[in-house]
Amino acid sequence: MLVQEVDGTERPVYYISRKVHGAEERYTAIERHCLALVFTAQKLRHYFLSFPIQIITKCDPVRFLLSRPALTGRVARWLLTLAEFDISCVTPKAIKCQALADLLAQFPSGQCEPLEDCLPGDGFETLAASTDEQHWTLSFDGAAGSGSGGAGIVLQTEEGDRVHLAYKLNFPCSNNEAEYEALILGLKAAKKRGVKHLRIAGDSKLVVLQTEGIYALKEPTLASYRTTVQKLMKFFQSVSIIHKPRSENRFPDALATLGAKTEFEKDRACIEIVKMFEPSAVEDFAEPTEDWRGSIKIQLVTSVGHLSTAELSCFIVLRGELYYRGPQGWLARCIDAKEAEEVLDRIHIDNCADNKIALYRRIQRQGYYWPTMKKDADLIAKNCTGVPCTWPNQSA
């Protein structure tokens with residue numbers, strides 16, 4: 001309820017209510033407060049822009065949004081939506097207005113209206129954007145069966161045009177491997193169609209968070225898959241990945257199940273399902289290692305070299321790539337100096353203002369390793385002045 005105080009008297013200006021639906025039913029209490037504030041701000045935007053707004057509530061949704069450790073997805077959109085308004089929160093002194101607001105919440109009169117996804121300024125950016133810069137959405141899902149698996153992929157343009165792909169993974173694989181297969185095959189399909197800007201959505205939280213670098217990778221069987229994903233992502237100008245609940249990812253799930261459960265030899269279905277006889281994480285991307293990694297790989301293969309057994313136990317070769325095994329069992333791909341420079345600069349620039357996690361820890365989570373990683377990361381963090389820094393070995 002929007003109220004204006006005139007000569008000490010509270011005068012109602014606007015009543016508004018709506019129902020929650022779908023994923024909103026699983027929001028926590030404070031998230032529902034944020035949802036109510038954002039929805040009201042969008043519906044009554046002309047009031048919010050013209051006057052300072054005081055929110056009379058027992059919990060502060062603005063403080064909740066600002067206190068989140070990572071501003072991503074829904075929370076980031078909410079905070080950006082509210083940033084253009086003059087909003088403050090005060091503790092309720094009287095209950096008459098709060099009682100009416102509680103009554104509206106108990107008996108909502110409006111139907112479920114989705115929040116607007118557009119942010120302030122999006123209209124001008126859309127007009128200025130070229131049609132060649134349209135964003136595609138990639139939804140993927142994988143399913144593992146007895147001795148085989150399936151992958152389902154949906155590529156969608158901004159206009160709603162869709163490309164449906166289903167693959168039969170005709171080799172033994174786990175469910176996580178099938179999820180990675182689906183993501184890799186989807187990235188290859190998007191690259192083949194010349195997509196430059198890609199949004200990725202999948203219902204496997206493990207694959208999504210490992211790709212983002214939030215979860216560390218400990219399974220050797222998945223190391224090559226994540227490496228392949230990282231290298232394929234470099235072909236796009238912009239790429240983002242989010243987790244989508246299984247209930248919202250049913251079409252790719254159906255395609256994956258179709259690929260996993262269907263046996264076929266000559267007949268083709270309306271939705272093409274292609275047999276895959278080799279895993280997608282092959283050695284096509286493997287590069288000759290003539291740097292610090294070369295002697296380690298040779299000693300691992302031939303047992304000839306100067307490294308001790310303790311030092312050698314920290315490394316493993318998977319499909320031609322050298323990986324470092326951390327103390328807790330996480331795996332990180334070993335890279336040369338040139339790629340290390342690019343990785344260090346990129347991760348530092350992305351997280352320059354956030355000092356809660358050490359820079360070299362962020363690099364570990366992204367799944368990279370080189371011998372001087374901690375020293376280089378500490379040096380660039382120590383000399384950081386709040387602007388993009390350069391590689392420690394480069395001259396000014």
Is it true that a side-chain atom of [X] and a backbone atom of [Y] form a donor plus acceptor pair closer than 3.5 Å?
| X | Y | answer |
| --- | --- | --- |
| Lys297 | Gly320 | yes |
| Arg293 | Cys334 | yes |
| Tyr323 | Ala223 | yes |
| Gln366 | Ile347 | no |
| Trp330 | Glu219 | no |

- Do Val208 and Lys244 pass the side chain to side chain contact (heavy atoms under 4.5 Å, CB included) test, and can you show the C-alpha distance, the side-chain angles, and the key distance before you say yes or no? CA-CA 9 Å; Val208 170; Lys244 179 187 290 186; over 6 Å; no

Nearest non-hydrogen partners of [X] and [Y], listed with the distance:
| X | Y | value |
| --- | --- | --- |
| Val343 | Tyr368 | CG1-CD1, 3.6 Å |
| Pro220 | Leu331 | CA-CD1, 3.4 Å |
| Glu177 | Tyr225 | CG-CE1, 3.9 Å |
| Gly213 | Arg365 | O-CB, 2.8 Å |
| Leu359 | Ala377 | CD2-O, 3.8 Å |
| Tyr47 | Tyr14 | CE1-CD1, 4.4 Å |

For the atom pair [atom1] ([X]) and [atom2] ([Y]), what is the distance rounded to the nearest 0.5 Å?
| X | Y | atom1 | atom2 | result |
| --- | --- | --- | --- | --- |
| Leu183 | Phe140 | CG | CZ | 4.5 Å |
| Asn249 | Asp203 | CG | CG | 4.5 Å |
| Arg32 | Glu24 | CZ | CD | 8.5 Å |
| Ser240 | Ile200 | OG | CD1 | 7.0 Å |
| Leu344 | Arg362 | CG | CZ | 13.0 Å |
| Arg162 | Thr157 | CZ | OG1 | 10.0 Å |

Heavy-atom side-chain contact between [X] and [Y] under 4.5 Å:
| X | Y | result |
| --- | --- | --- |
| Leu138 | Ile153 | yes |
| Arg199 | Ile242 | no |
| Trp370 | Ile363 | yes |
| Leu209 | His243 | no |
| Val195 | Leu155 | no |
| Glu321 | Ser224 | no |
| Asp141 | Arg246 | yes |
| Leu44 | Leu2 | yes |

Please say whether more than 12 non-hydrogen atoms of neighbouring residues, nucleotides or ligands are located less than 6.0 Å from [atom1] in [X].
| X | atom1 | answer |
| --- | --- | --- |
| Lys338 | NZ | no |
| Arg250 | CZ | no |
| Arg361 | CZ | no |

- What residues, two or more places apart in sequence or in another chain, satisfy salt bridge (charged side-chain N to carboxylate O under 4.0 Å, His left out) together with Arg333? Glu339

- Query: What do the steps show when you test Asp345 against His348 for side chain to side chain contact (heavy atoms under 4.5 Å, CB included), and what is the final call?
  - Reply: CA-CA 5 Å; Asp345 286 342; His348 171 250; 5.8 Å; no

Hey, quick one: are [X] and [Y] part of the same hydrophobic cluster, counting side-chain heavy atoms closer than 4.5 Å, chains of contacts allowed?
| X | Y | value |
| --- | --- | --- |
| Leu307 | Leu300 | yes |
| Ile298 | Leu312 | no |
| Leu49 | Ile53 | yes |

Can you sort out the partners of [X] under side-chain hydrogen bond (donor to acceptor under 3.5 Å, both in side chains), two or more places apart, ordered by chain and number?
| X | answer |
| --- | --- |
| Ser313 | none |
| Glu179 | none |
| Gln230 | none |

- Message: Under the criterion side chain to side chain contact (heavy atoms under 4.5 Å, CB included), I'd like the reasoning laid out for Glu248 against Ser139: C-alpha separation, chi angles, the key distance, then a yes or no.
- Response: CA-CA 10 Å; Glu248 301 176 14; Ser139 301; over 6 Å; no

- For Phe315, what residues pass the ring pair (Phe, Tyr, Trp, His ring centres under 6.0 Å) criterion, not counting sequence neighbours?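 Tyr324.
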
- Item | Test ring pair (Phe, Tyr, Trp, His ring centres under 6.0 Å) applied to Phe48 - qualifying residues, sequence neighbours left out |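 Residues passing ring pair (Phe, Tyr, Trp, His ring centres under 6.0 Å) with Phe48: Phe85.
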
- Task: Show the numbers, then the answer: is there a side chain to side chain contact (heavy atoms under 4.5 Å, CB included) between Phe235 and Leu187?
- Result: CA-CA 9 Å; Phe235 291 100; Leu187 289 171; over 6 Å; no

